[in-house]
2 protein chains.
Amino acid sequence: MTVRQKPRGRFHHGDLRRALLDAVAEAALEHGPEAVTLRDCARRAGVAHSAAAPHFGDKRGLLTAFATEGFERLGAAQEAAMATAPRTASAQLTASGRGYIGFARANPAHFRLMFREALLDGTDPALNAAREGAWAPLERSLRAGLPRLGEPALHQRLVLAWSAVHGFATLESEGAQHILHGAESADAAAEACIAAVVRAALRRGD
Amino acid sequence: MTVRQKPRGRFHHGDLRRALLDAVAEAALEHGPEAVTLRDCARRAGVAHSAAAPHFGDKRGLLTAFATEGFERLGAAQEAAMATAPRTASAQLTASGRGYIGFARANPAHFRLMFREALLDGTDPALNAAREGAWAPLERSLRAGLPRLGEPALHQRLVLAWSAVHGFATLESEGAQHILHGAESADAAAEACIAAVVRAALRRGD
DNA sequence: CGCCTCATCTTGACAATGGACAGATGTGGC
DNA sequence: GCCACATCTGTCCATTGTCAAGATGAGGCG
């Protein structure tokens, strides 16, 4: 009756939980996030088609766990970039944006799946915690850079920065590269976008 | 063998093409864009599940036609907003953003489906034409407002504005309202975001 | 060591889906 | 009046996600 969430030891398969999550990454990269199939993931992991049930419950559970891992890595990418940047507010904010867009670029299918709400379990506490954690660095750096701004005004800056960075990453990973980049290189477009966002977000005055 | 009451139209069905597209809109609104089912759409339209083939080919064709219609309406929403706004560059750009976000708000499921590249036929000429047409108003108004800016710099402004407006609309329609709005009203958040984008996009200097 | 509990995994079944096909049925051209 | 053809129906098939029942092996306890 008691369902143990954490499998303690490796069982028949070495680590099926990890193997299945890796299989999701593979499948999402090959055929797109919405085309991920439970049976295909099981095939990739070399197990029967219902072997995922003890670990993730159902397909939604598997994708939710995958998305949770994505949000954790998205937050970590920002933290890593910020750790090696100067402690200036603008440098920290720039690093956060670079980490965000960098993660979306390095893991386009993973990134897209993280925002397919219909495929995920929105009530999962781990997912929500990871999601909050992923957008905390941006909020923290912005709040540190604008200490005297009131709460509502600060929230507006946050929405602006979040929208622009997320919008760029989304458009890029969604197949609209031809629109975004034009004749320029992808990196230059990203850098220009981040710079503009940082300037607008840290602008003085209400 | 359920007896179906056929509407007395010219043909078997009055206008099945339109009925199916409306069914897609209904289904997408109820269960999300990725949960749209060909058979369910056919049921809503009161026809057999293979009746869509002559009109749209397959499911992807149906969704592609639906997305195409969405891009056309997205462009029209911006044009309509711009037509009633002053001819100032900033007013035109603001109106364009309002039209964009307004469409995404009024048709959240439609808007989301338009950017599910994996569900659409990216080679469809009508889709691509409508997509270009939808983002033309923003480019036109920005280009008119910055006549002396060089091409690459102008492109960067375009990317910034497009990213921020699209990012806001995406986050809002993707179920991240709790993050975006905070204690504020949704309209205030949108207006503040648009205002910041217009200010940043029309800023003088490279 | 022997056994026993239980999580893990397999097999088989089921309903639902998308696509393909042959055939019925109405529409418009001749 | 008659025929070519687009439209629509019913049926079949492979695939999918989920469930139920059974096999398998790990680790605890005597």
Side-chain angles (χ1 to χ4, degrees), chain A residues 1-24 26-28 30-66 113 116 118-121, chain B residues 1-24 26-28 30-66 113 116 118-121:
Chain A
M1 185 63 86
T2 57
V3 178
R4 246 178 248 271
Q5 301 286 12
K6 293 282 182 181
R8 349 169 223 197
R10 336 215 127 172
F11 223 74
H12 309 162
H13 192 285
D15 188 354
L16 185 53
R17 186 183 171 88
R18 175 100 314 267
L20 283 172
L21 288 172
D22 293 345
V24 173
E26 263 188 43
E30 283 183 24
H31 308 107
E34 21 264 331
V36 172
T37 280
L38 197 61
R39 287 173 119 102
D40 180 49
C41 293
R43 272 191 291 267
R44 287 174 197 264
V47 293
H49 62 273
S50 355
H55 295 277
F56 302 100
D58 57 355
K59 183 185 183 184
R60 171 161 305 192
L62 172 59
L63 297 187
T64 301
F66 183 69
L113 185 45
R116 296 291 188 268
L119 302 180
L120 309 178
D121 176 12
Chain B
M1 184 88 80
T2 60
V3 178
R4 225 181 292 285
Q5 196 175 19
K6 290 183 224 168
R8 322 238 171 130
R10 309 179 272 93
F11 216 66
H12 305 171
H13 191 289
D15 189 354
L16 184 53
R17 185 181 173 88
R18 176 101 313 267
L20 283 173
L21 288 173
D22 292 345
V24 173
E26 263 188 43
E30 282 182 25
H31 308 107
E34 20 263 331
V36 172
T37 280
L38 196 62
R39 289 174 116 101
D40 181 48
C41 293
R43 272 191 291 267
R44 288 173 197 264
V47 293
H49 73 275
S50 356
H55 295 278
F56 302 100
D58 58 353
K59 183 186 183 184
R60 172 162 303 192
L62 171 60
L63 297 187
T64 301
F66 183 69
L113 185 45
R116 296 291 188 269
L119 302 180
L120 309 178
D121 176 11

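Numbers restart at 1 for each chain; the letters A, B, ... are given by sequence-line order, proteins then strands. When reading the values below, keep in mind they use all heavy atoms of this one structure, side chains included, and skip hydrogens, waters and symmetry mates. Keep in mind that this is a model prediction, so the values were computed, not measured.
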Between [atom2] on [N] and [atom1] on [X], what's the gap in Å once rounded to a whole number?
X	N	atom1	atom2	answer
B:His31	D:dG17	NE2	P	19 Å
A:Leu38	C:dT17	CG	C1'	16 Å
B:Phe56	D:dT7	CZ	P	11 Å
B:Arg17	D:dA6	CZ	P	16 Å
A:Lys59	D:dG17	NZ	P	5 Å
A:Glu34	D:dG17	CD	P	14 Å
A:Asp40	D:dT15	CG	P	12 Å
A:Leu20	C:dC9	CG	C1'	12 Å

Query raised in the report: Does OP1 or OP2 of D:dT16 have a side-chain N or O of A:Arg43 closer than 4.0 Å?
Result: yes
Sidechain-backbone polar pair: [X] side chain, [Y] backbone, donor-acceptor under 3.5 Å:
X	Y	result
A:Lys59	A:Val36	yes
A:Arg43	A:Ala48	no
A:Thr64	A:Asp121	yes

Report task. Kindly point out which of C:dT11, C:dG19, D:dT7 is positioned nearest to the side chain of A:Ala48? Result ->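 Nearest to the side chain of A:Ala48 among the choices is C:dT11.
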Query raised in the report: Does a distance-only test, which skips hydrogens and angles, find a donor-acceptor pair under 3.5 Å between the side chain of B:Thr37 and the base of C:dG18?
Result: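 Under the 3.5 Å cut-off, the side chain and the base do not form any donor-acceptor pair.
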Query raised in the report: When only distance counts, do a donor and an acceptor, one from the side chain of A:Ser50 and one from the base of C:dT11, lie under 3.5 Å apart?
Result: yes
**Report entry** Comparing B:Arg39 and B:Ala51 on DNA chain D - which has the more 5′ nearest nucleotide
**Finding:** B:Ala51
Requested in this report: State, with a plain yes or no, whether a side-chain heavy atom of A:Leu16 is found less than 4.5 Å away from one of A:His55.
Outcome: yes
Query raised in the report: Would B:Arg116 and B:Leu113 count as a side-chain contact (heavy atoms from CB on, under 4.5 Å) if you check the C-alpha gap in whole Å, the side-chain angles of each, and the deciding distance to 0.1 Å?
Result: CA-CA 5 Å; B:Arg116 296 291 188 269; B:Leu113 185 45; 4.3 Å; yes
Requested in this report: Just call it for B:His49: base, sugar-phosphate, or nothing, with non-hydrogen atoms closer than 4.0 Å on any strand.
Outcome: base
